[in-house]
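Below is one structure, written out as structure tokens; the observations come after it.
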Amino acid sequence: MPDPVEPSQLAQLPLDELVACHECDLLMRRPTLAHDEKALCPRCGYELYAHRHNVVNRSLALVLAALLMYVPANFLPIMQLNLLGQASDDTVWSGVVGLFNSGMQGISAVVFLCSMGFPLLKLLCQLFVLLSIRLDIGRSYGLLLYRIYHHMRDWGMLEVYLMGVLVAIVKLSDLAELSLGLGMACFVGLLLVQVWLEVVMSPHQIWVALSGEDPHAGD
Ligand SMILES: [Zn+2]
């Protein structure tokens, strides 16, 4: 665990030797981490940063897996609904189109952006950032895109969409015959891969690798 800094020592320490906790603002001396070690805040236990092994390659594999699942998750049926002999396949995309056609253009735009637009843009930003580190090209664009990615994180709300689908399933299951489609499996897979990606793609290591301070940061 890193050492907290006494206020009297503060003036003598160079800024790059200090690190502040995001949660409780405690100021600490920056510890040097070996592979697979992580630094926790001694006051609140927040993970300050971790030094994970082979971050760029593992994250690239996860981003590609997520992109592969993105298309079936949005365009294959989430569920099949059979009501009084009428069967319908519902996909995320058909939901957006249905809202648009029934006069709710505003809501359909929000659903489109939060369930399809932002998640795709987030994945493409991550892909470009990782490729710029891996291939050592366009790091300044990589830095810009990684900043944009952090702003977009709050807008991709797949988990909220999944909650909506689950509520609809519970409500409709009494009224109609419901069966879950392949799209649902891909949708859940996409969510899980994205959570895994958040864990693997340690922001501290990505920032350091993008700024070129430490050429081995992304290893
Ligand atoms: Zn803290």
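Along the sequence shown, residues carry numbers from 1. Numbering of ligands and ligand atoms starts at 1, following listing order.
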Worksheet item: Hey, what's the ring geometry for Y146 with H150, parallel, tilted or perpendicular (30° and 60° as the breaks)?
Response: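 Aromatic pair Y146/H150 classed perpendicular.
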Worksheet item: Using 4.0 Å as the upper bound for N to carboxylate O, is an ion pair formed by E198 and K122?
Response: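 Salt bridge between K122 and E198, a charged N being under 4.0 Å from a carboxylate O: no.
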Discussion item. With 2.8 Å as the threshold, which protein atoms of type N, O or S lie near the Zn ion (ligand 1)? Leave waters out.
Written reply: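 Near the Zn ion (ligand 1), the protein supplies C21 SG, C24 SG, C41 SG, C44 SG.
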Worksheet entry | H51 backbone acceptor or donor facing E37 side chain under 3.5 Å |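 Answer holds: no.
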Worksheet entry | From CG (D89) to OG (S94), nearest 0.5 Å |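 Rounded to the nearest 0.5 Å, the CG-OG separation comes to 8.5 Å.
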Discussion item. To the closest 0.5 Å, what do you measure between CG (L182) and CG (L76)?
Written reply: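 CG of L76 is found 5.5 Å from CG of L182.
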Worksheet entry | Close side-chain approach of L180 and I78, heavy atoms under 4.5 Å |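 L180 does not reach I78 side chain to side chain.
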